[in-house]
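Here's the structure we're looking at; comments come further down.
Since the model is a prediction, treat every value here as computed from it, not as a measurement.
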Amino acid sequence: MKGPKHLWTGDWRATRDDQPPDVPPLRDLPKPPPEPPPPRSRRGLAILGAAVATIVLLAVAFAAGDLLHDDKPAPRPRAQAPATRTPIGSIYAHASPAVVSVRTRGATGTGFLFDRDGTLVTNAHVVGRSREVAVRFGPDGRSIPASVLGVDPSSDLAVLKIATSDTPNVDPLTLADSTKVKIGDTAVAIGNPFGLDRTATAGIVSGLGRHIRAPNGVEIDQVIQTDAPINPGNSGGPLLDTRARVIGVNSQIATSGFTGNGNVGIGFAVPSNTVRQVVPRLKQGQTIDRPYLGAVTGRVSPTQPDGAVVRAVRPGGPAARAGLQTGDVIVGINGRRVEDPTDVSAGIQGQAPGDVVTVQVQRDGQPVTLDLELGKRPRQGP
């Protein structure tokens, strides 16, 4: 209730006999008593209502502020774990940059970087008689000329060389100790089958100590057998272990009449220890002279498995000069027992041309001992 106001101001105007009325002088009226406070229950409701309204208004204000002025940084997306490679993928990632395609006028194959100065290894049968070939690192790489430093048909290995300036900055492949390879070990082949660049296939080591025939007809021993699919174009490529080390150089496959020249699950690789022995000598331009008997041997018969029967003797060769005859059965070399023809090659392994070995044979049921001076293996033929 508002305070009192004056009802009027100024002089009094006479209304009768020009005499002022007999009234006391005017003064301010007393203030009316204050209004009584509202009942307690009504005041509590009013306070509560005002508080609720204030909270609602504040909430709306804050919400509007958050929508219009959200200065908080957006939560960072949770980092995804990097994709992990499979073991085979890791081997491929490490080794494949050092694998090359090899092309000659008459053949294509595979090779790999042996050292940082541009030395490459491939198969002798890939190179053939070429003195220069073309190599390429990956499908997008340029064709690089490579000279042929040396070829060893007896081990089916060849060494190529590219200019240091053409050598990419990739790690060369390292050689494992092939004597420590076990049947059942993982084996990964990288090559260019049918021209498909740097294809990876995987399997296991399915056999050891195999023998295959080299391009010049000589037997290569201690060969590694694998079921990793190998096809034409894989020749000269690496066969790798789980540490991406070379355990062999893929060289041959077994085929059947039903599949033509395709893979049937039996491939052969020249062992890495042979690579270790041959490549440094070929790199220096040396000719590798190997010993030989000058005789062709075979199995005696299914009923007499022990020994190796002499099927042919090379005229004028070491065996002929020592008196070895067709039909003789070789049963020992230097005291080492011969059970089949592969043991004949193993018996002279590590010998040099000019060394003399003792050959034990059975001739017409009688034992005969011959001292045989080994000759130098010709580049072609047995």
Practice task
Would you confirm whether Q252, through its side chain, and R213, through its main-chain N or O, come within 3.5 Å as a donor-acceptor pair?
Solution key: yes

Exercise for the section: Consider only side-chain N and O atoms of T110 and N192, and report whether a donor and an acceptor are under 3.5 Å apart. Expected result: yes

Taking only residues two or more places apart in sequence, or in another chain, which ones meet [X] in a side chain to side chain donor-acceptor pair (under 3.5 Å)?
X	value
R337	D306
R290	D152
R276	N273
R321	none

Exercise for the section: Count the heavy atoms of every other residue, nucleotide or ligand shown that sit under 6.0 Å from CZ of R243, and state whether that count exceeds 12. Expected result: no

Exercise for the section: Could you work out the complete set of other residues in the hydrophobic cluster of I204, with links drawn between I, L, V, M, F, W and Y side chains under 4.5 Å apart? Expected result: none

Handout entry: Whichever hydrophobic residues join I333 through chains of side-chain contacts under 4.5 Å
Key = L293, V310, V313, L324, I330, V338, V344, I348, V357, V359, V361, V368, L370, L372, L374

Taking only residues two or more places apart in sequence or in another chain, which ones pass side chain to side chain contact (heavy atoms under 4.5 Å, CB included) with [X]?
X	result
P353	D289, P291, K376
H211	E219, D221, T342
L196	T199

Handout entry: Qualifying salt bridge (Lys or Arg N to Asp or Glu O under 4.0 Å) pairs with a residue from residues 195-210, counting only residues at least two apart or across chains
Key = none

Exercise for the section: If a pair satisfies salt bridge (Lys or Arg N to Asp or Glu O under 4.0 Å) and one of its residues is in residues 348-367, list it, with sequence neighbours excluded. Expected result: D328-R363

For residues 165-173, which side-chain N or O atoms pair as donor and acceptor with protein atoms under 3.5 Å away, sequence neighbours left out?
{"residue": "D166", "atom": "OD1", "partner": "R142", "partner atom": "NH2", "Å": "2.3"}
{"residue": "T167", "atom": "OG1", "partner": "A163", "partner atom": "O", "Å": "3.1"}
{"residue": "D171", "atom": "OD1", "partner": "R116", "partner atom": "NH2", "Å": "2.6"}

Practice task
Flag the pair D117 / K283 as yes when at least one side-chain heavy-atom distance between them is below 4.5 Å, and no otherwise.
Solution key: yes

Exercise for the section: Would you mind reporting whether I88 and T186 have side-chain heavy atoms less than 4.5 Å apart? Expected result: yes

